[in-house]
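Read the structure below first, then the notes.
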Amino acid sequence: MKGSQTLAGYDMVLTLSENTINYQFKQLHKLNIIHKKWAVLAEQITDGDKDMFYITDSDASYNAKLNRWIDLQGQIAQAKEDNEWTEVGKLNAALEEEKVNFKFGWKASLLAPKINILEKDRNSLTLQIIFKSGQLYDRPGVLSRVNTIDLKNAIYAFQVPIGQLKIDKEAMILDAGEQVTKIIRESGLSEQDFTIESLFLNFSDANISNFDRTKSSFPAEATTPLQRAVENYVNLILKDSENPYILGYGLRRKRIKASDKAMFQPSSLGFTTSYSNHANKKGQFSGLNYLMMLNDTAPPTDPNAGILPQSLIEFSQDTTSPTDGVFALQYDHFKTYIATPE
């Protein structure tokens with residue numbers, strides 16, 4: 001941008017395409033940085049301030065407890081049907097004594113997650129958790145049998161807000177693959193400056209229960225149990241773990257030397273999205289925008305700040321192959337940092 005103009009109020013913008021970000025997720029998934037397996041058995045969660053009890057498949061007794069829980073619940077349901085209430089009481093006591101009084105559980109394999117840029121919301125994304133295979137175990141009531149629901153090819157999609165954060169200029173690291181690293185390097189930014197992981201993976205910012213039914217796909221009988229299980233799994237279990245992030249991996253930081261600092265060192269970072277169906281290729285031209293300010297300048301507060309009139313990827317001059325991303329810099333800053341040849 002020339003003169004005093006800015007990019008929707010910002011000094012610099014880096015836009016990465018939806019396809020590029022999803023490619024990064026695939027790479028992180030291949031490297032086992034994103035969890036490929038989810039397995040948990042968790043107790044009833046409506047006990048006031050009581051801490052939630054759960055086990056994962058890291059517990060050697062996971063399978064035995066799963067089978068025992070299913071067996072006892074079946075016996076309880078049968079005793080109820082037979083009006084054998086003394087037996088029901090004994091079996092419920094066994095559930096508590098053996099610590100298998102679970103409410104839900106699952107054991108599933110996951111494919112790489114995906115994001116979708118939304119057409120009418122510039123401050124949120126849809127994140128899809130995609131199940132390759134597995135079973136969801138749900139106990140509708142304390143005296144009910146355990147229902148087993150097949151999760152093969154199920155998709156749970158929910159909206160995740162993307163906001164604004166203050167960059168610790170000494171401690172940012174990009175933990176993405178070669179494609180994005182190349183984009184940032186060629187834009188004049190160091191790969192130390194950003195982390196793809198910080199965009200929408202922290203539970204304190206994500207409303208996992210705000211699921212998107214239009215982009216979700218699972219058996220009808222799984223609607224309520226799956227919503228409840230996903231919500232509790234992330235909000236009550238992963239939230240308090242050493243790795244409290246939606247996809248099972250967290251933001252890692254390291255100190256960098258002054259000599260490693262980028263030529264254009266941002267001092268604040270915000271995010272918006274740009275939806276585009278240019279050439280009927282939404283994934284290629286829709287993008288996530290890194291919105292940056294320089295020199296400790298405060299970011300704009302206007303509600304429309306960062307809302308670009310169209311995706312920067314549409315301005316790409318390379319038409320021979322899909323563009324991974326586009327970097328734009330306000331012209332006055334370009335003149336400040338780049339000496340004009342004599």
Side-chain angles (χ1 to χ4, degrees), residues 1-2 5-27 112-128 130 155 157-164 174 176-189 194-201 206 210 212-216 266 269-293 299-300 302-331:
M1 306 293 290
K2 293 185 177 182
Q5 294 178 339
T6 58
L7 294 154
Y10 285 83
D11 296 331
M12 301 188 298
V13 176
L14 172 66
T15 302
L16 300 181
S17 75
E18 178 182 296
N19 286 351
T20 295
I21 293 173
N22 287 332
Y23 171 82
Q24 297 309 317
F25 281 148
K26 286 183 179 180
Q27 302 312 304
K114 292 182 179 180
I115 67 157
N116 295 112
I117 303 296
L118 302 174
E119 182 174 1
K120 297 181 179 180
D121 189 340
R122 297 293 177 261
N123 298 301
S124 298
L125 296 167
T126 296
L127 179 64
Q128 293 181 331
I130 306 171
I155 299 174
F158 58 98
Q159 289 190 23
V160 182
I162 50 176
Q164 192 166 59
L174 176 74
E178 180 180 353
Q179 294 289 333
V180 172
T181 301
K182 180 174 181 289
I183 296 167
I184 293 176
R185 185 185 304 118
E186 292 180 350
S187 74
L189 296 169
F194 302 103
T195 168
I196 197 172
E197 298 174 41
S198 66
L199 299 181
F200 30 69
L201 302 186
N210 188 21
D212 187 333
R213 191 68 182 89
T214 64
K215 291 183 172 59
S216 298
L269 176 61
F271 304 104
T272 59
T273 61
S274 294
Y275 177 88
S276 173
N277 198 30
H278 182 72
N280 292 319
K281 296 180 179 179
K282 184 185 77 68
Q284 180 177 328
F285 290 96
S286 294
L288 175 67
N289 306 312
Y290 292 71
L291 309 168
M292 296 162 276
M293 300 300 290
D302 188 288
N304 294 318
I307 306 299
L308 302 176
Q310 65 188 103
S311 173
L312 293 181
I313 299 175
E314 293 183 21
F315 293 100
S316 173
Q317 298 300 308
D318 183 3
T319 59
T320 60
S321 61
T323 298
D324 296 314
V326 170
F327 173 71
L329 174 68
Q330 195 263 353
Y331 187 65

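A quick note: this is a predicted structure, and the numbers were derived from the prediction, not measured.
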Open item on the list: So for atom NZ, which belongs to K282, do other residues, nucleotides or ligands contribute more than 12 heavy atoms lying within a distance under 6.0 Å?
Closed with: yes
Task: Nearest heavy atoms of L308 and A8, plus distance in Å - done: CD2-CB, 3.6 Å
Open item on the list: Using 0.5 Å steps for rounding, measure from the CG atom of L7 to the CG atom of L329.
Closed with: 8.0 Å
TODO: Search all heavy atoms of A157 against all heavy atoms of S216 and return the closest pair with its distance.
DONE: N-OG, 3.0 Å
Open item on the list: A side-chain contact here means heavy atoms from C-beta on lying under 4.5 Å apart; do P113 and L127 qualify?
Closed with: yes
- [ ] Without swapping roles, check the side chain of E18 against the backbone of I117 for a donor-acceptor pair under 3.5 Å.
- [x] yes
Open item on the list: Distance check, rounded to the nearest 0.5 Å: D324 atom CG versus I313 atom CD1?
Closed with: 8.5 Å
Task: Separation of F25 CZ from I130 CD1 (nearest 0.5 Å) - done: 10.5 Å
Task: Nearest-0.5 Å distance that lies between atom CG in L125 and atom CG in N116 - done: 9.0 Å
TODO: For residues L14 and M292, report the shortest heavy-atom separation together with the two atoms involved.
DONE: N-CE, 3.6 Å
Task: Side-chain touch M293/P299, heavy atoms, less than 4.5 angstrom - done: yes
Open item on the list: For I115 versus N22, what's the shortest heavy-atom pair and its separation?
Closed with: N-OD1, 2.7 Å
Open item on the list: If we ignore hydrogens and angles and just use 3.5 Å, is the side chain of S286 paired with the main-chain N or O of S276 as donor and acceptor?
Closed with: yes
Task: I155 side chain reached by K114 side chain, heavy atoms, under 4.5 Å - done: no
Open item on the list: Can you confirm whether more than 12 heavy atoms, excluding those of K26, are under 6.0 Å from its NZ atom?
Closed with: no
TODO: Work out which heavy atom in L291 is nearest to a heavy atom in G306; give both atom names and the distance.
DONE: CD1-CA, 3.7 Å
TODO: For the pair S311 (side chain) and F285 (backbone), establish whether a donor and an acceptor sit closer than 3.5 Å, ignoring hydrogens and angles.
DONE: yes
TODO: Compare every heavy atom of L118 with every heavy atom of Y275, then report the nearest pair and how far apart it is.
DONE: CB-O, 3.5 Å
Task: Student check: side-chain heavy atoms of T15 and L288 closer than 4.5 Å - done: no
- [ ] Answer whether the closest heavy-atom distance between the side chains of F315 and Q310 falls below 4.5 Å.
- [x] yes
